[in-house]
Amino acid sequence: VQLQASGGGLAQPGGSLRLSCAASGRIRSINVMGWYRQAPGKQRELVATINSGGSTNYAESVKDRFTISRDNAKNTVYLQMNSLKAEDTAAYYCNVVGVMTTYSAYFAQQWGQGTQVTVSS
């Protein structure tokens, strides 16, 4: 199972970016998909998660600004980031939990490579 993230970049304060992360590898189902971030000198922290039923969970710091969604047919998770702040600057990592493949292999958790988000004027 591989995760390919995209969509990071530079945005001005108050601007928007949309991250995408596509999972591949003969996937049958994914339980939870999510985004985490890690700023320099800080620990990796949860941004948002979404389960297979569509229930979402957000860090307090991003509530009402970020929206997570997923396309189960494409095994892809999205993070729409609006009203960006300088403190949102970090490497963003996608994460999947509970992956079942078509060849009956089970992956408890996988991480994608980080995509950098920089918010600066």
Side-chain angles (χ1 to χ4, degrees):
V1 173
Q2 294 184 328
L3 301 178
Q4 181 65 48
S6 60
L10 176 65
Q12 292 188 340
S16 299
L17 286 173
R18 188 189 194 214
L19 305 183
S20 300
C21 179
S24 61
R26 297 172 63 185
I27 294 170
R28 177 186 298 170
S29 63
I30 302 174
N31 186 11
V32 181
M33 306 183 81
W35 291 94
Y36 290 72
R37 68 186 181 186
Q38 187 168 18
K42 295 187 176 181
Q43 289 188 332
R44 190 171 297 188
E45 64 177 6
L46 168 75
V47 177
T49 62
I50 183 169
N51 68 17
S52 57
S55 294
T56 58
N57 179 48
Y58 294 93
E60 284 295 328
S61 61
V62 307
K63 276 184 179 178
D64 301 324
R65 298 189 298 120
F66 292 8
T67 302
I68 190 170
S69 61
R70 63 189 281 176
D71 184 332
N72 291 327
K74 296 181 179 180
N75 294 316
T76 299
V77 61
Y78 306 95
L79 185 68
Q80 178 65 44
M81 304 185 293
N82 298 329
S83 302
L84 283 163
K85 303 176 181 181
E87 51 263 44
D88 295 320
T89 296
Y92 283 69
Y93 297 87
C94 62
N95 171 270
V96 292
V97 173
V99 182
M100 179 61 73
T101 67
T102 58
Y103 50 95
S104 299
Y106 178 80
F107 295 83
Q109 181 171 234
Q110 290 283 93
W111 289 94
Q113 89 285 1
T115 184
Q116 180 67 34
V117 171
T118 302
V119 183
S120 175
S121 55

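The model shown is predicted, which means the values in this text are computed figures rather than measured ones.
- Within a 6.0 Å sphere centred on CD of Gln2, heavy atoms belonging to other residues, nucleotides or ligands number 12 at most.
- Taking both residues in full, the closest heavy atoms of Arg37 and Ser61 are given as NH2-OG, 3.4 Å, listed atom of the first, atom of the second, then distance.
- With hydrogens and angles disregarded, no donor-acceptor distance shorter than 3.5 Å links the side chain of Thr118 to the backbone of Thr89.
- Aromatic ring orientation, Phe66 versus Tyr92: tilted (interplanar angle from 30° to 60°).
- In this structure the side chain of Gln80 reaches within 4.5 angstrom of the side chain of Ser16, judged on heavy atoms.
- When all heavy atoms of Gln113 and Gln4 are compared, the pair lying nearest together is NE2-NE2, 3.2 Å.
- Annotation for Gln43: atom CD does not count as buried by contact number, only 12 or fewer foreign heavy atoms lying within 6.0 Å.
- Across all their heavy atoms, Gly25 and Tyr103 have their closest contact at O-CE2, 4.0 Å.
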Original post:
Which is it for Arg70 and Ile30 under the side chain to side chain contact (heavy atoms under 4.5 Å, CB included) test, yes or no, and what are the steps along the way?
Top reply: CA-CA 11 Å; Arg70 63 189 281 176; Ile30 302 174; 3.8 Å; yes
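- In this structure the side chain of Val96 never reaches within 4.5 angstrom of the side chain of Asn75, judged on heavy atoms.
- What you find for Ala23 and Leu3 is that their closest heavy atoms are CB-CD2, 3.4 Å.
- Side-chain contact between Arg65 and Asp88: present, with at least one pair of heavy atoms (C-beta onward) separated by less than 4.5 Å.
- Residue Ile68 is grouped with residue Val62 when hydrophobic side chains (ILVMFWY) are merged at heavy-atom distances under 4.5 angstrom, including chains of intermediate members.
- Atom CD1 of residue Ile50 and atom CE of residue Met33 lie 9.0 Å apart, to the nearest 0.5 angstrom.
- The shortest non-hydrogen separation linking Gln109 to Val97 is OE1-CG2, 4.0 Å.
- Distance check: Leu79 CG to Thr115 OG1 gives 11.0 Å after rounding to the nearest 0.5 Å.
- The shortest distance between side-chain heavy atoms of Thr101 and Phe107 falls below 4.5 Å.
- At a threshold of 4.5 Å between side-chain heavy atoms, the hydrophobic network of Ile, Leu, Val, Met, Phe, Trp and Tyr places Tyr93 and Val77 in two separate groups.
- The distance from atom CD of Gln110 to atom CG of Asn95, rounded to the nearest 0.5 Å, is 9.0 Å.
- Here CD of Gln38 is found 9.5 Å from CD of Glu45. Values are rounded to the nearest 0.5 Å.
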Subject >> Step-by-step side chain to side chain contact (heavy atoms under 4.5 Å, CB included) determination, Asp71 to Tyr78 >> reply: CA-CA 8 Å; Asp71 184 332; Tyr78 306 95; 4.1 Å; yes
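- Side-chain atoms of Arg44 and Trp111, non-hydrogen and from C-beta on, do get closer than 4.5 Å to each other.
- For the pair Leu19 and Val117, the minimum side-chain heavy-atom distance is below 4.5 Å.
- Here CG of Leu10 is found 8.0 Å from CG of Leu17. Values are rounded to the nearest 0.5 Å.
- Side-chain contact between Lys74 and Ser20: absent, with no pair of heavy atoms (C-beta onward) separated by less than 4.5 Å.
- When every heavy atom of Ser121 is checked against every heavy atom of Pro13, the shortest pair comes out as N-CD, 3.7 Å.
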